[in-house]
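Worth knowing before you read on, the calculation uses all heavy atoms, side chains too, and leaves out hydrogens, waters and symmetry mates. Index from 1, following the sequence.
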Amino acid sequence: MAQVSGIPLTTLNNYLAGRSEPKRPALAVLAQVLKRDIAWLVTGRSGGASFQTEDAVAIDAELLDQVMMAMLSLCAELGLKPARAHLGRRCAQIHNAIAATARDSTERQRMLEMALALQRQELAVRS
């Protein structure tokens, strides 16, 4: 799970032991990897009342895959190897921003391109 999700094994063990709780980006990554909804991760139950916060969004697996592939390509293009956990959090943040506001696939694509342009600038400044 640690390898696939990019979340360190010690962090996952802390979640399981109840020593800490995952934040929303980690929940998004775990939900994607486990192919479960966030409600199941939080409550252990599917259906019924879902886990909601004022800005929570449903996980769109296709969109999350697009974001992750685009970010991996961008990092490769810039010759960067970010930590998986950091990359997972960044992808979840981009996914959530797009999923919460885009009305159709054209808008989703445009927003993804804008997010990648911003990421390119930010990563270029850091390197």
(request) Please step through side-chain contact (heavy atoms from CB on, under 4.5 Å) for the pair Q93 and N96, ending with a clear verdict. (result) CA-CA 5 Å; Q93 291 168 345; N96 291 349; 5.9 Å; no

(message) Under 4.5 Å between side-chain heavy atoms, counting indirect links through other Ile/Leu/Val/Met/Phe/Trp/Tyr residues: same cluster for M114 and I98 or not?
(response) no

(message) So for atom CD, which belongs to Q3, do other residues, nucleotides or ligands contribute more than 12 heavy atoms lying within a distance under 6.0 Å?
(response) no

(message) Can you list everything that forms a salt bridge (Lys or Arg N to Asp or Glu O under 4.0 Å) with R19? Sequence neighbours excluded, please.
(response) none

(message) For a quick test of reading the model, state the closest non-hydrogen atom pair linking S5 to L12 and the distance between them.
(response) OG-CD1, 4.4 Å

(message) Can you give me the closest heavy-atom contact between A28 and A92, atom names plus distance?
(response) CB-CB, 3.9 Å

(message) Between L74 and L80, is there shared hydrophobic-cluster membership here, with clusters defined by ILVMFWY side-chain heavy atoms closer than 4.5 Å?
(response) yes

(request) Would you sort out whether I7 and M1 count as a side-chain contact (heavy atoms from CB on, under 4.5 Å), showing the intermediate values? (result) CA-CA 8 Å; I7 298 171; M1 177 60 81; over 6 Å; no

(request) Could you tell me whether E122 and R90 have a side-chain N and a carboxylate O separated by less than 4.0 Å? (result) yes

(request) With sequence neighbours excluded, tell me which residues meet side chain to side chain contact (heavy atoms under 4.5 Å, CB included) with A115. (result) I94

(message) Can you tell me how far apart NZ (K81) and CG (L87) are? Round to the nearest 0.5 Å.
(response) 13.5 Å

(request) Measure across T101 and E107 and return the closest heavy-atom pair with its distance rounded to 0.1 Å. (result) O-OE2, 3.2 Å

Exercise answer: donor-acceptor pairs, residues 61-73 side-chain atoms, under 3.5 Å, sequence neighbours excluded:
residue	atom	partner	partner atom	Å
D65	OD1	Q32	NE2	3.2
S73	OG	M69	O	3.1

(message) Quick check: is L118 connected to L112 through a chain of hydrophobic side chains (ILVMFWY, heavy atoms under 4.5 Å apart)?
(response) no

(request) Grab the two heavy atoms, one from M111 and one from A102, that are nearest each other, plus how far apart they are. (result) SD-CB, 3.8 Å

